[in-house]
Amino acid sequence: MSGAHGYSLLFEPVQIGPVTARNRFYQVPHCNGLGHVRPQAEAAMRAMKAEGGWAVVSTQETEIHPTSDLGPYAENRLWDARDIPALRLMTEQVHRHGALAAIQLAHNGHHAMNHLTRAPALAPSDMPIDQVYPKQARAMDKEDIRNLRRWHRAAARRAREAGFDIVYVYAGHQMTLPQHFLLPQYNSRNDEYGGSLENRLRLTRELLEETREELDGRCAVAFRFAVDQMMGADGMQAAEEGRAVVELLAELPDLWDVNVSDWSNDSQTTRFQPQDGFQVPYMEFVKQVTSKPVVGVGRFTSPDLMASLVGKGVLDLIGAARPSIADPFLPKKIEDGRIEEIRECIGCNICVSADTLGVPIRCTQNPTMGEEWRRGWHPEVIAPKRQDAQALVVGSGPAGLECAMQLAKRGYEVTLAEAADEFGGRVRKESRLKGLAAWQRVADNRLWDLQQRANVQMFTASPLTAAEVADLAVSNVFIGTGSHWRRDGRGRSSKAPLPLDGLPVLSPDDIMAGTLPPKDGPVLIYDDDQGYMGGVLADHLSAAGHQVMLATPGAVVSAFTDYTLEQSRVQRGLIEAGVEIIPLHLLHSADASGVTLACAYTGRTRQMGCASLLTVTARGRDTALFDALRAEYPRRFTTLELIGDAAAPGLIADAVYAGHMAARNFQRDPAAAEAEWFRREMISLTDT
């Protein structure tokens with residue numbers, strides 16, 4: 001029965017202007033790296049959300065004109081009628097599962113680089129574009145503003161023709177012209193579109209009114225608005241101008257979609273914002289001001305919190321981007337009372353990194369995300385076993401857990417052997433570092449599932465030799481023995497071991513195992529990995545009372561975290577904690593007095609006194625068991641496969657994906673699996 005188990009409130013229908021959402025679960029617009037370049041993959045991914053119970057499924061931002069070209073990033077596009085068929089693929093598939101389809105129209109102003117179209121960038125006032133590129137946007141004159149309004153109106157009309165039920169006016173993330181006009185930091189005009197709040201709001205009001213007029217009651221009009229820039233008095237604040245905007249436009253849109261800006265604030269990671277529902281304090285006033293339904297976000301994963309917010313009248317609809325990526329079937333699992341099965345978002349922003357890299361979306365928790373069309377993967381369904389077989393999975397890190405779980409779901413007899421005293425591998429170890437506790441959810445979800453299955457045997461404290469594996473007489477073996485961090489200095493910059501003598505040298509594995517540096521002097525962290533680990537360890541050790549220095553060949557700390565919207569927080573946090581940061585330097589050598597660093601450009605050396613060295617460089621694959629099995633028992637096994645970090649060290653998301661693929665491909669014809677590496681969407685060669 002719908003809404004059982006105490007959450008019936010979440011499954012009530014909600015009227016949004018002329019359309020009705022079947023429940024209160026609303027997938028807000030989010031980017032996915034598919035867009036206009038991969039429309040079939042885009043449609044399949046969104047359709048999976050609808051199948052999973054989301055009542056409203058939205059696109060990502062959709063460019064309305066060539067002067068808002070976000071290339072090379074693959075957002076949606078609605079420049080003219082030729083874009084309608086690709087978007088109709090999505091609306092038809094979403095409707096097939098009983099959900100409403102929403103489209104977020106966007107003109108990104110000076111945030112759009114227009115690299116493809118080479119169009120001039122537009123802004124409220126003259127200013128550099130919002131990228132490190134020597135180009136400026138021009139202040140829009142009255143004709144430009146009239147054109148923008150005409151483009152937006154035409155895009156709304158095309159959106160209706162494409163089958164959308166909800167059409168957005170978008171003023172959020174500091175990425176779009178309506179918000180740029182609203183903010184004094186971007187708008188220094190002295191005409192009727194500048195100065196007072198009413199004037200700065202004029203463009204937004206015109207777009208809302210004209211969109212409503214164009215849609216003529218056949219589609220709802222949503223307004224996505226960032227009520228607070230989280231800059232204090234230096235920016236818009238929810239308690240002041242943010243609230244005033246809602247008051248001035250209260251009844252104009254059919255739906256208020258409220259968040260904070262910029263994107264790095266809206267999509268904060270659990271490392272810096274562990275609280276689910278963290279945006280609630282910024283949005284809870286909105287329902288006091290408008291009678292229209294309100295949707296809000298904040299990485300909601302708890303059904304109790306969701307029901308509480310609706311019951312208290314804070315929200316009408318539970319918005320989600322990242323939680324809907326981690327588990328597209330979250331609503332159905334709540335409806336069916338299967339709360340324990342929810343794959344909770346860990347807030348790592350690997351999904352975000354895909355967009356900032358310009359590649360298809362991926363997720364640490366959900367390895368099927370982005371693979372719905374090109375591989376035919378379903379997050380809840382996997383092909384049953386082809387014939388009876390037993391499988392042994394050695395290692396219970398993210399790859400081993402995912403592989404074992406999916407093999408068990410297919411119906412195979414599975415044995416999972418872990419050498420350590422606890423399951424979880426690197427997930428368990430890394431989640432004990434400062435800020436990463438939520439990452440344990442990756443292991444918890446899979447362990448809970450495995451523990452429910454009668455066809456699974458699980459053993460800890462079970463290191464296995466090649467002879468012992470052979471004696472088990474299991475012909476299908478998956479080796480997920482992981483990797484270890486090197487401590488010899490070899491890594492991205494140095495392709496050979498370095499002379500590191502006379503000084504205690506530690507690796508991240510030591511810290512995660514509880515071995516800390518001596519406190520009789522500073523520890524120097526050398527981060528040549530430049531992922532998240534170096535910055536995490538610096539923060540972790542500093543919080544534990546160590547004097548920390550961090551040297552890196554990069555220009556900034558943990559350069560990769562720029563893709564996950566964290567880099568500024570990482571660096572600011574370390575500076576505030578007193579960590580000495582030494583960028584653009586390579587590790588040259590070490591002796592009893594400390595380390596010698598070399599300038600990344602000139603090679604000029606400098607001495608740094610320290611009591612210990614912690615190297616974060618590269619990882620070595622732990623393949624001894626696999627190598628021995630292959631060498632000593634070459635004909636004993638039908639399947640002998642390396643998975644996860646033992647095959648190729650990478651992100652936790654990469655390991656989960658590898659384990660999932662291994663389980664999917666088990667007992668498949670290798671040639672067929674190779675041929676179906678993934679489907680490609682081919683570009684039409686017509687010029688019409």
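Keep in mind that this is a model prediction, so the values were computed, not measured. For the single chain, residues carry numbers from 1 onward in sequence order.
- Arg410 and Asn455 form no side-chain donor-acceptor contact under 3.5 Å, judged by distance and modelled atom types alone.
- Every pair tested for side-chain hydrogen bond (donor to acceptor under 3.5 Å, both in side chains) that includes a residue from residues 547-560 fails, sequence neighbours excluded, so the list is empty.
- Across every non-hydrogen atom of Thr364 and Cys348, the tightest pair is OG1-SG, 3.2 Å.
- Defined by atom type and a distance below 3.5 Å, a donor-acceptor pair is present between the side-chain atoms of Asn32 and Glu42.
- Under the side-chain hydrogen bond (donor to acceptor under 3.5 Å, both in side chains) criterion, the residue pairs touching residues 479-488 are His484-Asp622, Arg486-Asp488, Arg487-Asp510, with sequence neighbours excluded.
- By the side-chain contact (heavy atoms from CB on, under 4.5 Å) test, Ala420 pairs with Glu418, Arg428, sequence neighbours left out.
- Nearest heavy-atom pair, Pro360 versus Leu34, reported as atom, atom and distance to 0.1 Å: CB-CD2, 3.7 Å.
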N/O donor to acceptor pairs below 3.5 angstrom from side-chain atoms of residues 468-478, sequence neighbours left out:
unit_1, atom_1, unit_2, atom_2, d
Glu468, OE1, Thr465, N, 2.9
Glu468, OE1, Thr465, OG1, 3.4
Asn476, OD1, Thr639, OG1, 3.1
Asn476, ND2, Gln390, O, 2.9

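- In this structure, CD1 on Ile350 lies 14.5 Å from CE on Met369, to the nearest 0.5 angstrom.
- Contacts of Phe637 classified as ring pair (Phe, Tyr, Trp, His ring centres under 6.0 Å), with partners at least two apart in sequence or in another chain: none.
- Partners of Asp388 by side-chain hydrogen bond (donor to acceptor under 3.5 Å, both in side chains), not counting sequence neighbours, listed by chain and number: Lys385.
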- Message: As a quick check of understanding, evaluate salt bridge (charged side-chain N to carboxylate O under 4.0 Å, His left out) for Arg343 and Glu380, giving each step before the final call.
- Response: CA-CA 11 Å; Arg343 285 187 303 275; Glu380 303 299 315; 3.3 Å; yes
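- Inter-residue side-chain proximity for Leu565 and Thr269 is flagged as unmet; no heavy-atom pair is nearer than 4.5 Å.
- Listed by chain and residue number, nothing satisfies the ring pair (Phe, Tyr, Trp, His ring centres under 6.0 Å) test with Phe626 (two or more places apart in sequence, or in another chain).
- For Glu341, the salt bridge (Lys or Arg N to Asp or Glu O under 4.0 Å) partners at least two apart in sequence or on another chain are Arg338.
- Not counting sequence neighbours, Ser507 has no partner by the side-chain hydrogen bond (donor to acceptor under 3.5 Å, both in side chains) test.
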Please tabulate, for the side chains in residues 529-536, all donor-acceptor contacts under 3.5 angstrom to protein atoms that are two or more places apart in sequence or on a different chain.
unit_1, atom_1, unit_2, atom_2, d
Asp529, OD2, Gly531, N, 3.2
Tyr532, OH, Arg426, NH2, 3.0
Tyr532, OH, Glu430, OE1, 2.6

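- For the ring pair (Phe, Tyr, Trp, His ring centres under 6.0 Å) condition, the pairs that include at least one residue of residues 352-399, sequence neighbours left out, are Phe329-His378, Trp377-Tyr657, Trp377-His660.
- Looking at every heavy atom in both residues, Met306 comes nearest to Thr301 through CE-C, 3.9 Å.
- For the residue pair Asp355 and Tyr563, no side-chain donor N or O sits within less than 3.5 Å of a side-chain acceptor on the partner.
- Nearest approach of Gly489 to Thr617, heavy atoms of both residues: O-CG2, 3.9 Å.
- Taking Asp509 as the reference, nothing meets the side-chain hydrogen bond (donor to acceptor under 3.5 Å, both in side chains) condition, with sequence neighbours excluded.
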